[in-house]
Amino acid sequence: QVQLVESGGGLVQAGGSLRLSCAASGRPLSNYAMGWFRQAPGKEREFVATINRSGGSTRSADSVKGRFTISRDNAKNTVYLQMNSLKPEDTAVYYCAADNDLSGSSWYWEYDYWGQGTQVTVSS
């Protein structure tokens, strides 16, 4: 099985940037399509972005298009989420997930492995 560990979260003012990292161990990250999800208190887990195994195809939620970019470096066993122009409504726990299936999904229940999450707080 693969283990995933997120890092890079923190407190930032609106308009600022953060880069989240998700490091994999136990299995090569190249075996999986990857996704980022987020969950705010009292809300359902929300799709953020997904990337295929090679990194050649990405898809992101409408709420983050133009601001967030998902990428991966399979040689480093790491997937990233670059977050720019952050807004208070981006505040949430952000989770990295790995999918054994061929296509990257926007549904959280279709992912097989999850990281512990990292808190992102955006102040106004």
Side-chain angles (χ1 to χ4, degrees):
Q1 59 180 299
V2 65
Q3 293 81 44
L4 305 172
V5 179
E6 300 99 331
S7 62
L11 175 64
V12 65
Q13 286 194 310
S17 298
L18 285 173
R19 188 180 75 163
L20 306 184
S21 298
C22 175
S25 61
R27 293 285 188 274
L29 193 65
S30 60
N31 289 351
Y32 308 95
M34 301 296 297
W36 285 98
F37 293 80
R38 65 187 184 185
Q39 188 166 23
K43 295 185 178 180
E44 189 172 280
R45 193 167 302 181
E46 178 187 20
F47 168 71
V48 176
T50 188
I51 188 167
N52 71 347
R53 293 185 181 187
S54 68
S57 180
T58 64
R59 182 165 55 89
S60 60
D62 289 343
S63 59
V64 305
K65 284 184 185 299
R67 300 188 299 119
F68 291 10
T69 302
I70 188 171
S71 62
R72 66 194 298 162
D73 187 339
N74 286 339
K76 295 181 178 179
N77 268 355
T78 304
V79 63
Y80 305 96
L81 185 68
Q82 178 66 48
M83 305 186 294
N84 298 326
S85 301
L86 283 161
K87 304 174 181 179
E89 51 262 44
D90 295 319
T91 296
V93 177
Y94 283 71
Y95 296 93
C96 174
D99 186 2
N100 279 320
D101 294 333
L102 292 176
S103 60
S105 175
S106 61
W107 306 112
Y108 67 85
W109 56 85
E110 294 184 352
Y111 283 77
D112 301 291
Y113 306 100
W114 292 85
Q116 83 288 351
T118 185
Q119 176 70 49
V120 172
T121 302
V122 184
S123 65
S124 59

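Here the structure is a predicted model, which means the values were calculated and not measured.
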Residues T118, V93; criterion side-chain contact (heavy atoms from CB on, under 4.5 Å); working and verdict: CA-CA 5 Å; T118 185; V93 177; over 6 Å; no
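- Other residues, nucleotides and ligands contribute at most 12 non-hydrogen atoms within 6.0 Å of the NZ atom of K76.
- Screening residues 67-124 for disulfide (SG to SG under 2.5 Å), with sequence neighbours left out, gives C22-C96.
- When all heavy atoms are compared, the tightest approach of A92 to A40 is CB-N, 3.9 Å.
- In this structure, the side chain of E6 engages the main chain of Q116 through a donor-acceptor pair within 3.5 Å.
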Check against side-chain contact (heavy atoms from CB on, under 4.5 Å), S63 and E46: CA-CA 10 Å; S63 59; E46 178 187 20; 3.7 Å; yes
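- With sequence neighbours left out, the side-chain hydrogen bond (donor to acceptor under 3.5 Å, both in side chains) criterion links S106 to no other residue.
- Looking at residues two or more places apart in sequence or on another chain, you find no ring-ring contact (aromatic ring centres under 6.0 Å, His included) involving Y80.
- A search for side chain to side chain contact (heavy atoms under 4.5 Å, CB included) contacts involving S17 returns Q82, N84, not counting sequence neighbours.
- Between Q119 and T91 the shortest side-chain heavy-atom distance falls below 4.5 Å.
- Taking 4.5 Å as the limit, every side-chain heavy atom of S30 sits out of range of all side-chain heavy atoms of R53.
- Distance check, rounded to the nearest 0.5 Å: OH of Y108 to CZ of F47 gives 14.5 Å.
- Although no hydrogens or angles enter the test, the distance criterion places a donor-acceptor pair under 3.5 Å between the side chain of N52 and the main chain of S57.
- Listed by first and then second residue, the ring-ring contact (aromatic ring centres under 6.0 Å, His included) pairs that reach into residues 10-30 come to none, sequence neighbours excluded.
- Hydrophobic cluster membership of L18, counting Ile, Leu, Val, Met, Phe, Trp and Tyr whose side-chain heavy atoms lie under 4.5 Å apart directly or via other members: V2, L4, V12, L20, L29, Y32, M34, W36, V48, I51, V64, F68, I70, V79, L81, M83, L86, Y94, Y113, V120, V122.
- Taking a 6.0 Å sphere around CD of Q13, one finds it holds 12 or fewer heavy atoms contributed by other residues, nucleotides or ligands.
- For the residue pair S21 and T78, the shortest heavy atom distance occurs at CB-CG2, 4.2 Å.
- The shortest heavy-atom contact between S105 and E110 is OG-OE1, 2.5 Å.
- Side chain of R59 to backbone of G104: a donor-acceptor contact under 3.5 angstrom is found.
- A donor-acceptor contact shorter than 3.5 Å links the side chain of R67 to the backbone of S85.
- Classified by interplanar angle (parallel below 30°, tilted 30° to 60°, perpendicular above 60°), the ring pair W114/F37 is tilted.
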